[in-house]
Amino acid sequence: MAGFMETLREQRWDDHRFYHHSRINQSLHFISAISFLVAYGMLFYDPPMAALIAWIIGMLTRQSGHFFFEPKGYDHANQVTHEHKEEVKVGYNLFRKVILMGIWAFLPLVVILDPTVGGLLAPYEGWVGFARHVGTIWLALGVAGVLFRMVQLFFIQDVKAGVVWVTKILTDPFHDIMIYHKAPLALMRGELIDPEIASHRPH
């Protein structure tokens with residue numbers, strides 16, 4: 001258990017210091033985390049709606065922060081290149097995220113072309129039914145995306161790394177609220193980059 005927790009702290013720390021320099025990105029992660037907690041709560045009684053909230057609000061805000069606001073040049077705080085960070089990323093780096101988000105954007109078209117999604121779902125009625133079908137297959141995509149990367153990590157690194165990463169992903173909303181809740185205030189003060197990115201280690 002001690003080794004598990006240390007690996008979890010290491011993955012969280014690397015994620016923070018490598019990929020969350022921008023106060024805008026941090027603020028978007030804070031918003032994303034709140035929406036994911038709402039989705040977690042809804043998952044128990046309305047899974048399709050939970051998936052819609054998680055993907056449309058949670059994932060779009062989260063990934064917009066990474067793609068549009070996070071610096072992509074040389075990382076002077078950690079003395080590594082952007083290319084190096086992409087290479088050592090444990091979870092989904094930007095290239096893998098492009099593939100994942102591309103599939104996500106394509107799936108509603110699948111529902112339009114085949115309302116039963118290959119016979120897996122009953123035909124939908126109206127826009128609400130369409131949205132719920134999309135939410136259902138987006139939920140399946142989220143589960144598949146996490147499991148796929150976990151199994152990859154089993155082979156690329158080891159079983160512990162994969163299980164720890166899944167634990168990190170599932171608990172990220174709680175952790176992000178804890179470490180990024182002050183980011184919006186810092187951003188309002190005009191602070192675009194976290195000045196302490198390389199001088200403190202969040203727990």
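Source: prediction; values computed, not measured.
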Checklist entry - So, do Asp176 and Gln26 sit near enough that their side-chain heavy atoms are less than 4.5 Å apart? => result no

Checklist entry - Would Phe4 and Thr167 count as a side chain to side chain contact (heavy atoms under 4.5 Å, CB included) if you check the C-alpha gap in whole Å, the side-chain angles of each, and the deciding distance to 0.1 Å? => result CA-CA 10 Å; Phe4 181 93; Thr167 303; 3.4 Å; yes

Checklist outcome for this item: Rounded to the nearest 0.5 angstrom, the NE2-OH distance for His16 and Tyr19 is 13.5 Å

Checklist entry - Val134 and Leu107: same hydrophobic cluster, using ILVMFWY side-chain contacts below 4.5 Å? => result yes

Next on the checklist: salt bridge (charged side-chain N to carboxylate O under 4.0 Å, His left out) for Asp15 and Lys85? Distances and angles first, verdict last.
Outcome noted: CA-CA 10 Å; Asp15 198 48; Lys85 292 192 289 188; over 6 Å; no

Next on the checklist: Once rounded to the nearest 0.5 Å, what's the spacing between atom CH2 of Trp13 and atom CD1 of Ile179?
Outcome noted: 9.5 Å

Item to check | Tyr92 side-chain N/O to Gly145 backbone N/O, donor-acceptor pair under 3.5 Å | outcome: yes

Checklist entry - Roughly how far, to the nearest 0.5 Å, is the OG atom of Ser27 from the CG atom of Leu187? => result 4.5 Å

Checklist outcome for this item: Between Ser64 and Phe69, the two heavy atoms sitting closest are O-CD1, 3.6 Å

Checklist entry - Linking I/L/V/M/F/W/Y whenever any side-chain heavy atoms sit under 4.5 Å apart, do Ile137 and Ile56 land together? => result yes

Checklist entry - Are Val166 and Ile156 linked, directly or through other ILVMFWY residues, by side chains that come within less than 4.5 angstrom of each other? => result no

Checklist entry - Does the side chain to side chain contact (heavy atoms under 4.5 Å, CB included) test come out yes or no for Asp172 and Phe36, once each step is laid out? => result CA-CA 9 Å; Asp172 265 350; Phe36 269 113; over 6 Å; no

Next on the checklist: Would you say that Val146 contacts Trp165 through its side chain, given a criterion of any heavy-atom pair below 4.5 Å between the two side chains?
Outcome noted: yes

Checklist outcome for this item: For Gly118 and Asp114 the tightest heavy-atom approach is N-OD2, 2.6 Å

Next on the checklist: Within a 6.0 Å radius of atom NZ on Lys182, are there more than 12 heavy atoms belonging to other residues, nucleotides or ligands?
Outcome noted: no

Next on the checklist: Using every non-hydrogen atom in the two residues, find where Pro115 and Ile112 come nearest and quote the distance to one decimal.
Outcome noted: CD-O, 4.1 Å

Next on the checklist: With side chain to side chain contact (heavy atoms under 4.5 Å, CB included) as the criterion, how do Asn93 and Val88 come out once you've worked through the C-alpha distance, each side chain's angles and the decisive distance to 0.1 Å?
Outcome noted: CA-CA 9 Å; Asn93 61 15; Val88 301; over 6 Å; no

Checklist outcome for this item: Rounded to the nearest 0.5 Å, the NZ atom of Lys97 sits from the CD atom of Gln63 at a distance of 4.0 Å

Checklist entry - If only atom types and distance count, is the side chain of Gln157 paired as donor or acceptor with the main-chain N or O of Gly162 below 3.5 Å? => result no

Checklist entry - Are Arg17 and Asp75 close enough for a salt bridge, meaning some N to O gap below 4.0 Å? => result no

Next on the checklist: Quick check for you: to the nearest 0.5 Å, what is the distance between His181 atom NE2 and Ile34 atom CD1?
Outcome noted: 11.0 Å

Next on the checklist: Tell me if the aromatic rings of His29 and His66 count as close, with their centers under 6.0 Å from one another.
Outcome noted: yes

Checklist entry - Do the side chains of Tyr40 and Leu170 get nearer than 4.5 Å, heavy atoms only? => result yes

Checklist outcome for this item: Heavy-atom closest pair (Thr116 atom, Pro123 atom, distance to 0.1 Å) is CG2-CG, 3.8 Å

Item to check | Cluster link Phe18 to Leu8, ILVMFWY, side chain under 4.5 Å | outcome: no

Checklist outcome for this item: Separation between CG (Leu43) and CG (Leu139), nearest 0.5 Å, reads 6.5 Å

Checklist entry - Are Val128 and His133 close enough that some pair of their side-chain heavy atoms sits under 4.5 Å apart? => result no

Checklist entry - Within the distance-only criterion (no hydrogens, no angle test), does the side chain of Ser32 pair as donor or acceptor with the backbone N or O of Leu28 below 3.5 angstrom? => result no

Item to check | Chi angles and distances behind the side chain to side chain contact (heavy atoms under 4.5 Å, CB included) call for Met178, Phe174 | outcome: CA-CA 6 Å; Met178 182 176 69; Phe174 304 96; over 6 Å; no

Checklist entry - Are His82 and Tyr74 side-chain neighbours, meaning at least one heavy-atom pair lies under 4.5 Å? => result no

Checklist entry - Given side chains that start at C-beta, do those of Thr7 and Lys168 come closer than 4.5 Å, heavy atoms only? => result no

Next on the checklist: Set out, in order, the CA-CA distance, both residues' side-chain angles and the distance that settles salt bridge (charged side-chain N to carboxylate O under 4.0 Å, His left out) for Arg9 and Glu6, then state yes or no.
Outcome noted: CA-CA 5 Å; Arg9 282 192 291 269; Glu6 180 56 34; 3.1 Å; yes

Next on the checklist: Using salt bridge (charged side-chain N to carboxylate O under 4.0 Å, His left out), reason through Lys89 and Asp14 one step at a time and then give a plain yes or no.
Outcome noted: CA-CA 9 Å; Lys89 173 73 172 177; Asp14 284 347; over 6 Å; no

Checklist entry - Parallel, tilted or perpendicular for Trp127 and Phe130, by the 30°/60° rule? => result perpendicular

Checklist entry - Looking only at heavy atoms, which two atoms of Tyr180 and Phe30 are closest? And how far apart? => result O-CB, 3.8 Å

Checklist entry - Just checking, is any N or O donor in the side chain of Asn25 or His21 under 3.5 Å from an acceptor N or O on the other one? => result no

Next on the checklist: Checking the side chain of Ser22 only, and the main-chain atoms of Glu70 only, is there a donor and an acceptor separated by less than 3.5 Å?
Outcome noted: no

Checklist entry - Is Arg132 close to Asp46 at the side-chain level, that is, under 4.5 Å between some pair of heavy atoms? => result yes

Checklist entry - Do other residues, nucleotides or ligands put more than 12 heavy atoms under 6.0 Å from Phe148 CZ? => result no

Checklist entry - Below 4.5 Å, heavy atoms only, C-beta onward: do Leu141 and Trp55 meet side chain to side chain? => result yes

Next on the checklist: For Arg23 versus Asp194, what's the shortest heavy-atom pair and its separation?
Outcome noted: NH2-OD1, 3.5 Å

Next on the checklist: Between Leu94 and Leu153, is there shared hydrophobic-cluster membership here, with clusters defined by ILVMFWY side-chain heavy atoms closer than 4.5 Å?
Outcome noted: no

